[in-house]
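Some notes on the structure that comes next.
Naming: A, B, ... by sequence-line order, numbering from 1 per chain.
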There are 2 protein chains.
Amino acid sequence: MSAAPAQSRPGGRSARVRAAVHRAVEELAAADAAEPLTIPVIAARAGVHPTTVYRRWGSVAQLLADVATSRFSGDVVVPDTGTLAGDLERWMGDVATDLADPDVLALMRATIGSGPEGGCACAVDRHDQLRAMIERERARGGAAPDVERAVDMLLGPLYYRAVFSTQPASPQWARGLVTALLKDM
Amino acid sequence: MSAAPAQSRPGGRSARVRAAVHRAVEELAAADAAEPLTIPVIAARAGVHPTTVYRRWGSVAQLLADVATSRFSGDVVVPDTGTLAGDLERWMGDVATDLADPDVLALMRATIGSGPEGGCACAVDRHDQLRAMIERERARGGAAPDVERAVDMLLGPLYYRAVFSTQPASPQWARGLVTALLKDM
DNA sequence: AAATTATCGCACCGATCGCTGCGTTAGGCT
DNA sequence: AGCCTAACGCAGCGATCGGTGCGATAATTT
């Protein structure tokens, strides 16, 4: 007998159920809060029994955090154009394009409202990506602004417009933030 | 008989009930989502019958929007120090101090999650205040940055840190954003 | 291929939610 | 002071939610 044989089973049907539930959450969050966004509703849309959702995730807040973490990680890759300005401009354009989708925004809003950890789950990955680009530029020998300052001047305005303002955050405008950041340093 | 005698009655008990419900929403939102934040719970905490809340507000989303509009309007006054830099620094310090309260943050998060209009309800007043200060400086004959740019560089980082980051937004740091904005223009 | 067991579906229960008549209280006006 | 009616409290009604046993299914290992 072994010590710990196989504690988890992440293949096949489990993965399929997980994908269906994630998709249902995104679709329901996109339907501007007309749907109550509760576990039976999510399960019904996913074609899955509510019991499964209760057992795997426990609460809507945890489910939303899981969905947000999956959604806001990995779909934007860190570019490598050779210069920090080029990297940042391309990356900001991609992030802005991703945030232009109303469905993505709705998911983000719902996640923020679900708990204190929700907001961080939407942004930590972007934070890490930004730090990676800046540290790479420094390793290359170039001058780069502080990560903290870059977050304030790039992610700050972008996410503010997405959540708090009615003004559109176009990729062109987002790229303009990069030049404003790199100008005075 | 008059045309429209008295369609509303905002005094006395109605005002008292409104204040109690608003207070209950703020307190429940501050109790980090452990409470379900539903109408019977809000009414019970306010010492008010649930029927009243259903009739006056209809849904939790509308109630939250009402509370947020009341809370994020008027508690910060537009200063008048004579210079734009002085006005902005004092104002940003006040706004940052207000946002440092975890209860205020919890209310903001819940409002954002309640509907697409929630985010705007938390920021429109600050937007107007910022525009007022900038237009006053222009009427004074001085040079002032674009309102749009000021929103991006001041409100953007401040609200981003409040919602998406774990980094504290101290009043000193918020005042520093003003000098960074006014430096390059 | 057979065994093992993590995972899912089904039926069901108590609790709570959202909402609606109806009577009562108390602001606002003459 | 007295009337009028907006606003509130009470009782109760479907409907739905969150959660629990128990058997069935299928992913993984031997």
Contacts under 3.5 angstrom, residues 140-154 of chain A side chains, donor-acceptor by atom type, not counting sequence neighbours:
from: R140(A); atom 1: NH1; to: G82(A); atom 2: O; distance (Å): 2.7
from: R140(A); atom 1: NH1; to: E137(A); atom 2: OE1; distance (Å): 2.5
from: E148(A); atom 1: OE1; to: Q167(B); atom 2: NE2; distance (Å): 3.0
from: E148(A); atom 1: OE2; to: R161(B); atom 2: NH2; distance (Å): 3.2
from: D152(A); atom 1: OD1; to: R161(B); atom 2: NE; distance (Å): 3.3
from: D152(A); atom 1: OD2; to: R161(B); atom 2: NH2; distance (Å): 3.2
from: D152(A); atom 1: OD2; to: W173(B); atom 2: NE1; distance (Å): 3.4

### Query
Would R126(B) and D75(B) pass as an ion pair if we require N to O under 4.0 Å?
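Counted as a salt bridge, because a side-chain N and a carboxylate O are separated by less than 4.0 Å.
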
In whole Å, what is the span from the [atom1] atom of [X] to the [atom2] atom of [N]?
| X | N | atom1 | atom2 | answer |
| --- | --- | --- | --- | --- |
| W57(B) | dA7(D) | CH2 | C1' | 11 Å |
| Q62(B) | dG18(C) | CD | C1' | 14 Å |
| R16(B) | dC8(D) | CZ | P | 11 Å |

### Query
According to a strict under-4.0 Å criterion, is R56(A) in side-chain N/O contact with OP1 or OP2 of dC8(C)?
yes

## Note on the structure
For nucleotides 14-22 of chain D, 5' to 3', base contacts (B), sugar-phosphate-only contacts (S) and non-contacts (-) with protein non-hydrogen atoms under 4.0 Å give ---SBBBBB

### Query
Quick one: ring-ring contact (aromatic ring centres under 6.0 Å, His included) pairs with a partner in residues 152-171 of chain A, sequence neighbours left out?
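Checked against ring-ring contact (aromatic ring centres under 6.0 Å, His included) - neighbours excluded - the pairs reaching residues 152-171 of chain A are Y159(A)-Y160(B), Y159(A)-F164(B), Y160(A)-F164(A), Y160(A)-Y159(B), F164(A)-Y159(B).
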
Which residues satisfy the side-chain hydrogen bond (donor to acceptor under 3.5 Å, both in side chains) test with [X], sequence neighbours excluded?
| X | answer |
| --- | --- |
| R109(B) | none |
| E135(A) | none |
| T179(B) | none |
| E35(A) | none |

### Axis deviation across the helix from dA1(C)-dT30(D) to dT30(C)-dA1(D), five-pair ends, to the nearest 10°
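End-to-end axis angle: 50°.
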
### Pairs meeting criterion salt bridge (Lys or Arg N to Asp or Glu O under 4.0 Å) with involvement of residues 165-181 of chain A, two or more places apart
none

